[in-house]
Protein chains: 2
Amino acid sequence: MAASGRTARPEVIWARPERAARGPRPAHTRAEIAAAAVRVADAEGADGVSMRRVAAEIGCGTMSLYNYVPRKEDLYELMVDAVSAEYDLSAEPSGDWRADTLALAAQTRALMHRHPWLPRLMSPAHGFSPNALRYLEHFLRVLEPLDAGGGTKMELISMVNGVVSTYVVNELSEAERARTSPFPPGQEHAARMAHLARELSRGEHPRLAAVIGAGFAAVDLDAQFARALGRLLDGFDPARVSPPPGPSAPRSPA
Amino acid sequence: MAASGRTARPEVIWARPERAARGPRPAHTRAEIAAAAVRVADAEGADGVSMRRVAAEIGCGTMSLYNYVPRKEDLYELMVDAVSAEYDLSAEPSGDWRADTLALAAQTRALMHRHPWLPRLMSPAHGFSPNALRYLEHFLRVLEPLDAGGGTKMELISMVNGVVSTYVVNELSEAERARTSPFPPGQEHAARMAHLARELSRGEHPRLAAVIGAGFAAVDLDAQFARALGRLLDGFDPARVSPPPGPSAPRSPA
DNA sequence: CCCCACTACGTACGGCGTACGTAACTAGGA
DNA sequence: TCCTAGTTACGTACGCCGTACGTAGTGGGG
């Protein structure tokens, strides 16, 4: 049985050597394939990324792609890692972990705006790709001034990314839906809003009607984003939160 | 052109009458279809839910399903609404919005544990299904003691749900991956961990190695969940956050 | 030098969403 | 009451998808 035999093994793609010891030189590189897939996803959305489509994009037969990427899932992993390379981690930590964290979150948000398929294709299992490691290490460096255990810091990173992802998905939801919809843009959203208004006018859900009637339309998204994250970080900031009075759990023991 | 003609229109499924004015009595109900789809998803995962599979489940031809559900997307919407009915919203708000919010979040977490496909199939566009309205209204009622504007309250709801979703996806990630994986359970995760250990032993990423080496394995998940959400709520709690001090980044100006 | 691992690629299978044609049925208006 | 138009039910078909597998050619290590 060959080491990197034909039938897939439970192997991380990053552990596969890019170039085999024997045989002809591969006609393409992982980076090239990842870039092609990212190009397709940017242009046509996550559903546009198919093995056939990406193979065509780099100009090879469909099944040749499987020499580089044993399963489609691994293609996703390549894509996520590729765009993670867009993080600019060159700035030295300022010492203000709050500000640095907000800056990192802003980069994530911008990244997801550039690549709206990212939240959908990202998975916790991709957490250890090369560029994810770079990112995590940098984040931990940024958090060094924060007085907290390693577990808490990982928790912070995870929650910040979760909130950013949630936030961006909400931000982009209408636009993405419009792109996928077979109807003229806006029409689907209009139908949805009309239904909501009709439903709220029935008098049940008075609080919701009040909140929505007050119109949360013309909000400054950037400010709202910063405020939401600020609130989250407040919860981790020993300088801003009064010590846990009652039932809150103690710090994680060593 | 028929009102609910054959070709789909940009219509919310909840605005479609379940029973048409004319024609034969439909052999199935929306609730029955939603329950069947939920059953399939619970048993076989989100990818198991296909129009063919669900049609077979209720015992009708594939294309007959399209009389009830114009697009697959709408089937998802039915499913999400159906499981949202599992929320127990009968308890009167206690007056302690923090405790009530944590209880709601715990219900969401339990719901997602019962239906692991929920995070993947839920979309911001489903936010106004009948049971979603019930849920939102109840949440706003719970938040009445909180001194904040309607926009802030919606923000809180959105962020709580985002964090819960992120948290559960992380919790269930390994199990879900194992269910999908074509390999013996655990083998894929083992390969991933082996690669991580190999990579961290190379000496770059020292902080990450330290944190992971310290082992964040045997943690109490329930406590961690409560702590994470508690931190988030801290940020919304006027009673717990000290007014913006000096050194840390100032609040975003109005 | 030669062997064989590796590359490239076409064919084929089973599954998907869904457009469309057709037949049976049923309620409202004449 | 009967007619007719709209609805239900359902099979067929199209163009996608992921990918197992067979085959031919290539080039580096023993």
Side-chain angles (χ1 to χ4, degrees), chain A residues 1-9 11 16-30 32-33 37 40-41 44-78 121 180-183, chain B residues 1-9 11 16-30 32-33 37 40-41 44-78 121 180-183:
Chain A
M1 200 70 75
S4 46
R6 168 154 271 177
T7 50
R9 294 190 327 153
E11 203 179 23
R16 271 171 77 113
E18 171 140 21
R19 174 100 160 85
R22 302 278 282 272
R25 150 176 299 272
H28 308 279
T29 67
R30 242 176 231 170
E32 188 185 342
I33 292 169
V40 171
E44 309 169 29
D47 292 332
V49 178
S50 72
M51 297 301 276
R52 283 164 167 74
R53 181 73 185 75
V54 172
E57 185 76 13
I58 64 172
C60 78
T62 302
M63 294 315 290
S64 306
L65 201 48
Y66 281 89
N67 287 321
Y68 304 88
V69 176
R71 294 173 294 152
K72 194 188 183 189
E73 171 90 34
D74 292 311
L75 180 59
Y76 290 158
E77 193 149 349
L78 286 186
L121 261 44
T180 305
S181 171
F183 307 112
Chain B
M1 201 71 75
S4 45
R6 170 153 270 178
T7 50
R9 296 190 325 153
E11 203 179 23
R16 271 171 77 117
E18 173 142 20
R19 172 100 159 83
R22 303 278 281 273
R25 153 175 297 273
H28 308 280
T29 67
R30 240 173 235 172
E32 187 186 342
I33 292 168
V40 171
E44 308 170 30
D47 291 333
V49 178
S50 72
M51 297 302 275
R52 283 167 169 81
R53 182 72 185 75
V54 172
E57 185 77 11
I58 63 173
C60 77
T62 303
M63 293 317 289
S64 306
L65 200 49
Y66 281 90
N67 287 320
Y68 303 88
V69 177
R71 293 172 294 151
K72 194 188 182 188
E73 171 90 33
D74 292 312
L75 181 60
Y76 290 157
E77 193 149 351
L78 286 186
L121 261 44
T180 304
S181 172
F183 307 111

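Letters go in sequence order (proteins before strands), and every chain restarts at 1. Values reported hereafter were calculated over all heavy atoms of this structure, with side chains retained and with hydrogens, waters and symmetry mates removed. Since the model is a prediction, treat every value here as computed from it, not as a measurement.
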> Does H28(B) reach the side chain of S64(B), with side-chain heavy atoms less than 4.5 Å apart?
Replying inline: no
Under a 4.5 Å cut-off applied to non-hydrogen side-chain atoms, are P70(B) and R16(B) in contact? yes
Between [atom2] on [N] and [atom1] on [X], what's the gap in Å once rounded to a whole number?
| X | N | atom1 | atom2 | result |
| --- | --- | --- | --- | --- |
| R16(B) | dG6(D) | CZ | P | 16 Å |
| Y66(A) | dC6(C) | OH | C1' | 19 Å |
| N67(B) | dG6(D) | CG | P | 16 Å |
| L65(A) | dC9(C) | CG | P | 11 Å |

Which distance, rounded to the nearest 0.5 Å, do you find between the [atom1] of [X] and the [atom2] of [Y]?
| X | Y | atom1 | atom2 | answer |
| --- | --- | --- | --- | --- |
| K72(A) | L65(A) | NZ | CG | 11.0 Å |
| R30(B) | D74(B) | CZ | CG | 9.0 Å |
| L121(B) | L78(B) | CG | CG | 11.5 Å |
| E11(A) | F183(B) | CD | CZ | 9.0 Å |

What residues 54-64 of chain B contributes to the DNA chain C interface at heavy-atom separation below 4.0 Å is T62(B), M63(B)
Check: Counting only heavy atoms not in R25(A), do more than 12 sit closer than 6.0 Å to its CZ atom?
Finding: no
>> Taking only side-chain N and O atoms of Y68(B), does any of them lie within less than 4.0 angstrom of OP1 or OP2 on dA9(D)?
In response: yes
Please enumerate all residues that pass salt bridge (Lys or Arg N to Asp or Glu O under 4.0 Å) together with [X], with sequence neighbours excluded.
| X | value |
| --- | --- |
| E18(B) | none |
| R52(B) | none |
| E73(A) | R177(B) |

- Task: Quick one: closest heavy-atom pair of V69(A) and L75(A), and the distance?
- Result: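 Taking every non-hydrogen atom into account, CG1-N, 3.4 Å.
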Given protein heavy atoms under 4.0 Å, the one-letter contact record of nucleotides 25-30 of chain D, with B base, S sugar-phosphate only and - none, is simply -BSBS-
Nucleotide N/O to protein N/O under 3.5 Å, stretch nucleotides 14-16 of chain C:
from    : atom 1 : to     : atom 2 : distance (Å)
dC16(C) : OP1    : S50(B) : OG     : 2.9

